[in-house]
2 protein chains.
Amino acid sequence: MATIYDVARIAGVSPKTVSRVLNGDAPVGKATREAVESAIAQLDYVPSNAARMMRSQRSGLIGLITGAISMSPEPTQPAGLPELFIVQGIQKSLANSGMTMMIADTGGVVEKAAPLIDTFLRHRVEGLIYVAEYHQKVALPAISDGTPMILANCFDDRGTPAILPDDWRGQHDLVARLVTAGHRRIGYLTLRPEIAAGRLRLEGYRAALQTGGIAYDAALVANCDLEGRDGETQLLWEAIDRMLRLSTPPTVFCCGNDKMALRVYGILRSMGRKVPTEVSVAGYDNYRVIAETLYPPLTTVDLPYTAMGVRAAQRLMAMISGETREEKGPTLVAGPVYWRDSVTELRPANVSLLKSVREE
Amino acid sequence: MATIYDVARIAGVSPKTVSRVLNGDAPVGKATREAVESAIAQLDYVPSNAARMMRSQRSGLIGLITGAISMSPEPTQPAGLPELFIVQGIQKSLANSGMTMMIADTGGVVEKAAPLIDTFLRHRVEGLIYVAEYHQKVALPAISDGTPMILANCFDDRGTPAILPDDWRGQHDLVARLVTAGHRRIGYLTLRPEIAAGRLRLEGYRAALQTGGIAYDAALVANCDLEGRDGETQLLWEAIDRMLRLSTPPTVFCCGNDKMALRVYGILRSMGRKVPTEVSVAGYDNYRVIAETLYPPLTTVDLPYTAMGVRAAQRLMAMISGETREEKGPTLVAGPVYWRDSVTELRPANVSLLKSVREE
DNA sequence: GTCTCTTATGACACCGATGACATGACACCG
DNA sequence: CGGTGTCATGTCATCGGTGTCATAAGAGAC
């Protein structure tokens with residue numbers, strides 16, 4: 001690979017002048033510039049970032065760690081990689097800042113995080129982002145030197161800056177929208193309460209009911225999340241069957257996520273109940289492959305992964321440039337409700353009111 | 001950030017000795033080693049890859065370019081990111097070789113590839129991998145210097161080494177398996193023939209029929225792929241309806257991919273046809289969120305993305321280490337048939353023969 | 001004509017590691 | 001006891017750029 005000295009020799013100038021042409025940090029005569037540019041083209045010269053970095057002490061690198069990309073060796077459970085949208089958002093933001101992203105993954109093994117961080121530090125990354133596969137608490141090894149770090153889709157108890165989905169608000173907005181559409185008996189087939197999303201969304205559900213003047217009814221809520229183990233379909237079947245036999249059965253089922261909604265579609269059809277004319281269904285995640293492909297298309301709440309990635313990158317860049325007006329605590333990012341045909345409007349007259357609700 | 005000189009001073013030795021402790025490339029006395037290690041720990045010293053790289057002329061970096069991560073600004077069409085499994089496979093392989101992966105994406109815009117390649121060359125990556133979102137032909141700018149490059153999930157007409165899914169074999173194996181199960185009228189709702197997967201899979205379908213002694217019947221094949229535009233469900237409905245009215249209707253529908261199969265489930269149920277007792281359905285891709293969640297679970301062919309990633313990394317590493325016994329032409333990677341409950345065995349007696357067919 | 005100011009360019013050291021080579025201290029050999 | 005080999009360590013140059021400073025050539029001011 002050609003060096004700046006080769007270029008200088010061919011162009012008949014000093015290396016420093018070549019450097020000036022490359023960086024435009026001082027005026028260069030027209031004839032000289034052209035000679036240099038021609039030499040560069042002739043040699044296919046590409047400057048070395050390593051050398052540049054040694055002097056400038058800036059790497060232009062951001063390290064990204066995720067358990068997302070490689071999962072357990074026998075990936076029975078994790079099927080989608082939605083958090084890759086977070087990476088997309090990060091990448092989009094960073095490209096504008098001239099940063100290059102290095103990426104590595106833990107393969108789902110937490111212990112691998114430390115050596116990966118070390119590798120990144122050797123490359124003198126200017127910032128680190130850790131992306132989790134779902135909204136959760138994590139415990140990463142502390143970074144001894146001052147390299148800034150951001151958590152995306154997760155948080156820790158050291159107060160590391162975090163970007164999180166606003167699960168509470170998402171479920172709240174969806175349920176509020178259902179209430180506006182006239183639904184008052186709202187079944188909720190929840191995720192397990194052990195995970196953050198499960199807890200927060202249930203709270204959002206309750207808050208929206210309260211605002212709508214609807215009493216919470218425990219008979220309308222069932223945890224149908226078996227953590228990926230088999231039997232989920234049966235659990236759903238039983239919960240749905242039980243709720244539909246109530247004296248005032250639900251007119252709509254909210255599901256913990258879109259995947260669950262996909263199962264619920266099959267179950268309701270097997271029961272001979274038409275969606276949405278006889279019973280409505282809503283999901284969560286806006287997992288497009290499911291939500292848009294299902295018939296009828298699924299009403300759901302967007303998990304704003306891309307936006308979270310953008311925010312993560314922005315907040316990291318702010319930390320790197322040392323801006324003082326730094327937010328404390330986690331940044332919550334809310335996603336819009338995607339209103340599709342899987343939910344009936346029980347009172348069409350109300351549609352005019354809908355503008356007050358956040359929608360796509 | 002501490003340097004090797006700081007460590008040397010604290011430990012009371014020369015920088016070179018510190019280097020020796022770090023790299024273990026020459027014997028170091030026990031007492032000296034311990035002094036150095038203690039100094040390293042005390043200073044939180046992390047060696048600089050940039051400096052190391054300048055001398056060794058080896059970066060330990062691999063550049064990965066993909067259009068996968070960030071797609072069109074208004075992502076209506078691309079919903080899944082299955083090719084990220086390719087990245088997973090690559091990453092898994094590279095980690096074992098001590099390589100670090102840099103990643104960037106074109107955002108779907110081909111013109112962005114050139115500057116990204118340039119960025120990677122500045123970092124003196126030792127190899128490049130381009131990953132496409134689906135099996136296709138691409139035209140990338142040539143790499144002027146000799147940096148090795150691999151195409152994954154795509155190919156060009158310059159003969160750049162490529163890793164491709166064996167679509168022909170996948171569809172062939174699936175259909176052969178269907179024949180073994182007793183199906184002789186096999187409907188095929190295809191992807192559009194303009195894309196590689198559409199063509200190759202159709203050929204595999206025909207080849208398997210021929211081997212099974214079954215005549216090809218054009219009435220059983222319909223292109224139901226509208227390139228993401230609306231109306232696909234209607235097109236599917238019409239094709240299925242027409243085929244089911246044939247004097248000898250198909251006993252199974254093969255679908256161009258799992259997403260199409262998801263639609264077909266809904267359509268068949270709306271038509272009042274039970275899957276799989278009245279009619280069987282098979283997909284392609286083994287898109288787990290769909291294939292495993294659907295009821296009944298979907299018989300499909302695995303698109304071996306992870307394996308392709310592994311192969312891509314292996315082939316690249318072979319090129320980097322300059323091994324001569326280099327394969328020519330594309331590497332085809334076949335995925336197994338995942339036999340699930342969406343297809344009926346018409347002749348259970350035949351099950352004993354199945355061992356000859358590749359399965360999970 | 002001389003002084004100053006700008007423009008254009010070069011000389012040189014330095015960033016942080018490591019390869020090549022040198023050196024000093026022992027151990028072992030005949 | 002001198003020769004030779006091994007171990008442990010140091011010296012110095014070097015990788016490829018760029019920051020700092022110096023310098024030469026004109027342009028314009030007085």
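Excluded from the calculations below are hydrogen atoms, water molecules and symmetry mates; all remaining heavy atoms, backbone and side chain alike, are included. A, B, ... follow the sequence lines: proteins, then strands. Residue 1 opens every chain.
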Rounded to whole Å, please give me the gap between [atom1] in [X] and [atom2] in [N].
{"X": "A:H123", "N": "C:dG16", "atom1": "NE2", "atom2": "C1'", "result": "15 Å"}
{"X": "B:R58", "N": "D:dC15", "atom1": "CZ", "atom2": "P", "result": "19 Å"}
{"X": "B:D25", "N": "D:dC7", "atom1": "CG", "atom2": "C1'", "result": "14 Å"}
{"X": "B:R122", "N": "D:dG17", "atom1": "CZ", "atom2": "C1'", "result": "12 Å"}
{"X": "A:I4", "N": "D:dG19", "atom1": "CD1", "atom2": "P", "result": "11 Å"}
{"X": "B:L22", "N": "C:dT18", "atom1": "CG", "atom2": "C1'", "result": "11 Å"}
{"X": "A:N23", "N": "D:dG17", "atom1": "CG", "atom2": "P", "result": "11 Å"}

Whether the B:T331 and B:R315 side chains hold a donor-acceptor pair (N or O, under 3.5 Å, no angle test) is what I'd like checked.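 The answer is yes; a qualifying pair exists.
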For [X] versus [Y], what's the shortest heavy-atom pair and its separation?
{"X": "A:Y130", "Y": "A:V138", "value": "CE2-CG1, 4.1 Å"}
{"X": "A:I62", "Y": "A:I320", "value": "CD1-CD1, 3.7 Å"}
{"X": "B:S59", "Y": "B:V125", "value": "OG-CA, 3.8 Å"}

B:D166: salt bridge (Lys or Arg N to Asp or Glu O under 4.0 Å) partners, not counting sequence neighbours: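 B:D166 satisfies salt bridge (Lys or Arg N to Asp or Glu O under 4.0 Å) with no residue once adjacent residues are dropped.
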Quick one: do A:L303 and A:H135 satisfy side chain to side chain contact (heavy atoms under 4.5 Å, CB included)? Show the steps, please. CA-CA 11 Å; A:L303 255 182; A:H135 187 165; over 6 Å; no
Take atom CZ in B:R311; do more than 12 heavy atoms of anything else shown fall under 6.0 Å from it?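 No, the 6.0 Å shell around CZ holds no more than 12 heavy atoms from other groups.
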Near DNA chain D, which residues from residues 48-57 of chain B have a heavy atom under 4.0 Å away?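 Going residue by residue through residues 48-57 of chain B, the ones with a heavy atom under 4.0 Å of DNA chain D turn out to be B:M54, B:R55, B:Q57.
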Tabulate atom names and distances for all N/O pairs under 3.5 angstrom spanning the protein and nucleotides 6-9 of chain C.
| unit_1 | atom_1 | unit_2 | atom_2 | d |
| --- | --- | --- | --- | --- |
| C:dT9 | OP1 | A:T32 | OG1 | 2.3 |
| C:dT9 | OP2 | A:G29 | N | 2.6 |
| C:dT9 | OP2 | A:T32 | OG1 | 3.4 |

Among D:dG19, C:dA17, D:dG17, the nucleotide that comes nearest once only the side chain of A:K16 is considered: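 Between D:dG19, C:dA17, D:dG17, the one nearest the side chain of A:K16 would be D:dG19.
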List the steps, then state whether side chain to side chain contact (heavy atoms under 4.5 Å, CB included) holds for A:V18 with A:I4. CA-CA 7 Å; A:V18 178; A:I4 203 169; 3.5 Å; yes
What residues form a side chain to side chain donor-acceptor pair (under 3.5 Å) with B:T17, not counting sequence neighbours?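 Testing B:T17 for side chain to side chain donor-acceptor pair (under 3.5 Å), a comparison that skips the adjacent residues, returns B:S14.
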Go through it in stages, so that I can follow the logic: the residues are B:L22 and B:I40, the test is side chain to side chain contact (heavy atoms under 4.5 Å, CB included), and I'd like the CA-CA distance, side-chain angles, deciding distance and then a yes or no. CA-CA 10 Å; B:L22 289 169; B:I40 288 175; 3.8 Å; yes
Quick one: is A:Y5 getting a side-chain N or O under 4.0 Å of the C:dG10 phosphate, OP1 or OP2?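 For A:Y5, the contact criterion (side-chain N or O under 4.0 Å from OP1 or OP2 of C:dG10) is not met.
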Qualifying salt bridge (charged side-chain N to carboxylate O under 4.0 Å, His left out) pairs, either residue in residues 136-164 of chain A, two or more places apart: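 Checked against salt bridge (charged side-chain N to carboxylate O under 4.0 Å, His left out) - neighbours excluded - the pairs reaching residues 136-164 of chain A are A:K137-A:D157.
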Name all stems that contain residues of DNA chain C, defined as runs of 3 or more consecutive Watson-Crick or G-U wobble pairs, both distances under 3.5 Å.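 Only these stems qualify: C:1-30 with D:1-30.
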By nearest nucleotide on DNA chain D, pick out whichever of B:P15 and A:A2 is the more 5' one.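 Nearest nucleotide further toward 5': that of B:P15.
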